[in-house]
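Proteins get letters first, then strands, A, B, ... in listed order; numbering begins at 1 in each. A quick note: this is a predicted structure, and the numbers were derived from the prediction, not measured. Note: hydrogens, waters and symmetry copies are ignored here, and every other heavy atom, side chains too, is used.
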Amino acid sequence: MADPLVTLAALLQPAFDAVAGRSGVDPVVRPSDRADAQANGALALAKELGRSPRDVAEAVVAEVRRRGDVRGTLEVAGPGFVNIVVDGSFLADEVARVAADDRLGVRPAARARKVIVDYSAPNVAKEMHVGHLRSTVIGDALVRMFEFVGHQVIRENHIGDWGTPFGMLIEHLIDLGEDEAAEHLSLGDLDGFYKEARAKFDASDDFKERARARVVALQSGDAETRRLWQLLVQLSTEYFNLVYSLLDVRLTDADIMGESAYNDGLSAVLDRLGALGLLTESDGAEVVFPPGYTNRDGDPLPLIVQKGKGGFNYATSDLACVIDRVERIGSDLILYVVGAPQAQHLSMVFDVARLAGWLPEGTDAVHVSFGSVLGSDRKMLKSRSGETPKLVELLEEAIARAGEAVAEKNPELADDAKAAIARMLGIGAVKYADLSTDRVRDYVFDWERMLSFDGNTAPYLQYAHARICSIFRRAGIDRSSLRAVVPQIVEKEERALALAVLGFDSAVADTLERYSPHRLCTYLYELATAFTGFYEHCPVLKADGEVRESRLALCDLTARVLERGLDLLGIGAPEQM
RNA sequence: GCGCUCGUAGCUCAAUGGAUAGAGCAUUUGACUACGGAUCAAAAGGUUAGGGGUUCGAGUCCCUUCGAGCGCGCCA
């Protein structure tokens with residue numbers, strides 16, 4: 001209950017109930033630019049009661065005053081808004097409570113759920129490119145936040161490790177020799193490997209035939225073929241891990257649940273759908289027709305679960321995956337951090353799973369969809385050579401650009417410190433640029449903007465944090481000693497900062513409610529802006545006695561929220577930069 | 001053709017159905033021996049793509065037109 005908005009809503013509700021003569025009236029407490037908060041509930045209530053909105057608002061205010069449990073002043077304004085300005089002492093007490101809390105006022109989830117976050121999902125023997133950036137970064141941020149509020153989180157990396165391309169990839173591996181291929185792949189030239197295999201497949205009927213035979217061998221469980229496949233998977237995941245390490249995301253080998261993991265459940269999907277009477281034979285394929293989908297001709301659109309030639313496809317695998325997550329793992333919230341183009345496919349999979357009873361009431365599957373990364377031409381981001389940029393190259397460029405800035409601005413830093421900071425800034429900038437806009441929209445990738453120290457960027461937030469750390473280096477005092485201080489909230493910048501700090505709880509809650517990390521980003525930016533105003537107008541080290549201690553306490557708490565908030569986004573907060 | 005998503009300041013983006021639609025960049029004007037100027041303050045910039053509707057109240061919800069992107073049977 002750190003956020004005054006939440007506290008006020010709870011305090012105002014009984015007054016609204018009393019005026020309405022019933023329970024459960026929403027006071028509609030919202031942020032306000034004319035007060036600390038405004039309650040809009042009277043406008044909606046007026047119609048129900050057949051009274052004028054102002055009249056209702058006045059009655060509510062009178063009732064609140066009678067109860068006397070709101071530490072602040074209320075007044076009716078406009079058509080019937082109730083503006084609330086809380087007392088400085090109230091803010092001070094709330095700030096002190098948050099400062100004493102390791103969780104910084106963030107409430108644990110009302111009920112802990114078992115959450116599966118399905119994200120990243122690169123393909124074996126294929127380069128990770130910008131297309132994987134968003135899923136990886138958004139998914140990882142959500143994982144961190146869900147864990148922080150106390151949910152049990154299971155990360156799942158649904159890598160593409162199965163399917164017909166593996167015939168040609170394994171044959172190419174054999175042609176190269178295992179050592180040669182290992183060298184090739186460990187260098188990170190996954191695309192080169194894939195393209196060579198593809199080129200041979202397209203050019204040679206003989207190779208094509210070998211590849212086809214190899215697919216059959218793979219699917220039938222031939223030991224040697226499986227070993228070679230496993231080698232490809234292993235070499236690829238080692239490479240993915242390098243990228244994850246560079247990106248500072250939490251995925252490990254333990255989180256890998258590739259498509260192949262569901263092979264054993266595929267026939268069960270078919271059997272169970274059949275037993276439920278949901279299967280229809282169509283052009284030799286086994287399909288399900290979930291209601292509400294049509295194709296080009298206006299005919300019902302099927303979800304194909306067994307191809308005409310008897311093979312299974314990704315829909316089957318996705319259904320087996322749902323069964324695994326619900327029935328074996330017992331998850332009650334499954335997040336698919338997957339690009340928007342797959343919306344229809346996932347929607348059909350979810351619908352079929354619901355029809356089959358595999359997603360029972362209370363178990364939610366959510367497509368956390370996101371838009372594309374665009375270049376300055378507003379088209380899909382391409383490198384200078386016109387190819388899809390490799391993720392590692394993008395990240396290395398980010399670090400290099402950040403490194404130049406650090407070297408220029410802070411040349412006296414030791415080289416290893418510079419390198420560490422450059423990494424936090426560069427990677428942070430890329431991640432923040434991705435996280436800070438509404439995920440459903442496309443966003444424009446722009447080096448200059450994301451690395452700028454002005455505006456809603458990672459470097460700006462990191463800079464605000466570093467400035468605070470600088471104050472403490474200079475002050476030479478133990479920050480933890482400040483956490484029992486009840487600050488003095490006097491200046492308007494102190495009020496603004498206190499209110500901002502107290503909003504952390506709601507920011508995290510809002511973010512999780514909509515799976516939208518940009519809400520936390522916006523919050524952190526507003527917090528940093530509030531701090532900057534405070535920093536300009538309220539001298540800290542130059543102040544004396546209790547004022548100095550009070551302001552130091554506000555600095556400490558601000559820095560902690562910034563650091564924690566950035567951490568929840570998967571971004572580091574250096575003490576110097 | 002059908003479906004989904006998007007359309008907000010010159011640019012990049014915000015805005016759980018609430019008052020006068022907010023930021024940053026760029027532009028213009030101020031503040032420089034500064035607790036980190038990698039800063040701050042101010043000005044200017046809008047028919048929220050167009051049109052209807054619901055509502056006490058719409059950028060937000062519904063309908064429609066236009067524009068953009070992406071999907072639409074055996075690839076994943």
Side-chain angles (χ1 to χ4, degrees), chain A residues 28 30-34 38 40 43-44 46-47 52-53 77-81 83 121 123 158 160 162-165 259 282-287 292-299 301-309 311-315 317-318 339-345 347 369 371-372 374 376 378-380 405-406 408-410 433 436-438 440-444 446 448-450 452-457 459-460 462-463 466-475 506 509-510 513-514 518-519 521-522 525-526 529 532-533 535-543 551 555 576-577:
Chain A
V28 197
R30 297 285 182 269
S32 176
D33 50 1
R34 334 189 155 197
Q38 61 184 59
N40 306 330
L43 288 103
K47 191 166 193 188
S52 85
F81 300 107
N83 287 344
N123 292 312
H158 198 83
W162 203 251
T164 46
E259 289 161 38
S282 173
D283 296 335
E286 292 293 339
V287 309
Y293 300 89
T294 51
N295 66 12
R296 275 193 181 81
D297 306 319
D299 298 326
L301 184 67
L303 187 70
I304 297 168
V305 292
Q306 184 170 39
K307 297 189 271 193
K309 289 171 188 164
F312 299 114
N313 64 2
Y314 68 117
S317 157
D318 284 344
Q342 293 209 51
Q344 183 174 264
H345 166 71
S347 173
S369 106
S372 310
L374 307 180
S376 54
R378 298 228 59 140
K379 292 182 178 163
M380 296 282 280
V406 174
E408 181 193 335
K409 304 294 183 187
N410 218 340
S436 61
T437 62
D438 190 346
V440 304
R441 295 173 43 135
D442 298 342
Y443 79 93
V444 177
D446 182 332
E448 203 165 320
R449 198 180 318 120
M450 73 177 72
S452 165
F453 291 83
D454 295 303
N456 188 10
T457 67
Y460 179 79
Q462 289 166 323
Y463 178 60
R467 276 169 128 186
I468 300 174
C469 292
S470 167
I471 291 174
F472 285 107
R473 265 197 307 281
R474 211 170 261 261
S506 293
D510 290 348
E513 192 179 324
R514 287 154 69 160
H518 83 280
R519 295 193 154 251
C521 295
T522 302
Y525 177 60
E526 284 167 359
T529 302
T532 312
Y535 183 85
E536 285 293 316
H537 293 94
C538 305
V540 178
L541 295 179
K542 288 175 188 164
R551 289 179 178 168
C555 285
Q576 301 181 64
M577 55 190 273

Closest heavy-atom contact between [X] and [Y]?
X: A:H158; Y: A:D318; result: NE2-OD1, 4.0 Å
X: A:P539; Y: A:R551; result: O-NH1, 2.9 Å
X: A:G80; Y: A:L43; result: O-CD1, 3.7 Å
X: A:C555; Y: A:I471; result: SG-CD1, 4.1 Å
X: A:T529; Y: A:Y460; result: CA-OH, 3.8 Å

Out of [options], which has the shortest distance to the side chain of [X]?
X: A:P341; options: B:C13, B:G71, B:G73; answer: B:G71
X: A:S282; options: B:A19, B:G73, B:A38; answer: B:G73
X: A:T522; options: B:A76, B:A14, B:A38; answer: B:A14
X: A:E536; options: B:A38, B:U39, B:A15; answer: B:U39
X: A:Y443; options: B:A38, B:C13, B:G36; answer: B:C13
X: A:N40; options: B:G73, B:A14, B:G18; answer: B:G18
X: A:K542; options: B:C74, B:C35, B:G36; answer: B:C35
X: A:N410; options: B:A19, B:G36, B:A14; answer: B:G36
X: A:T294; options: B:G73, B:U39, B:C2; answer: B:C2
X: A:H518; options: B:C35, B:G37, B:A15; answer: B:A15

### Side-chain donor-acceptor contact under 3.5 Å, A:S347 with A:Y293
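Distance-only check passes for A:S347 and A:Y293.
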### Task
Between A:V440 and A:Y460, name the one whose nearest nucleotide on RNA chain B is closer to the 5' end.
A:V440
### Task
By nearest nucleotide on RNA chain B, pick out whichever of A:N313 and A:V287 is the more 5' one.
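Here A:V287 is the residue nearer the 5' end.
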### Task
For nucleotides B:A44 and B:U5, find the distance between their C1' atoms and express it as a whole number of Å.
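Rounded to whole Å, the distance is 34 Å.
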### Task
Please measure how far the C1' atom in B:G7 lies from the corresponding atom in B:C13, and state the result in whole Å.
13 Å
### Task
With syn defined as a glycosidic angle within 90° of 0 and anti as everything else, classify B:G69.
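Classified anti.
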Partner nucleotide of [N] by Watson-Crick or wobble geometry (both distances under 3.5 Å):
N: B:G17; answer: none
N: B:C70; answer: B:G3
N: B:A43; answer: B:U27
N: B:G57; answer: none

[X] near the nucleic acid: base, sugar-phosphate alone, or nothing, with a heavy-atom cut-off under 4.0 Å?
X: A:E259; answer: sugar-phosphate
X: A:N83; answer: base
X: A:R519; answer: sugar-phosphate

### Query
A:R441 side chain N/O closer than 4.0 Å to the phosphate oxygens (OP1, OP2) of B:G69?
no
#### Entry: Stacking check A:Y525 vs B:A23 (5.5 Å / 30 deg)
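No, A:Y525 does not stack on the base of B:A23, since the centre distance and plane angle fail the 5.5 Å and 30° test.
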### Query
If you measure from the ring centre of A:Y535 to the centre of the six-membered ring in the base of B:C35, is it under 5.5 Å, with the planes under 30° apart?
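The ring of A:Y535 is stacked on B:C35.
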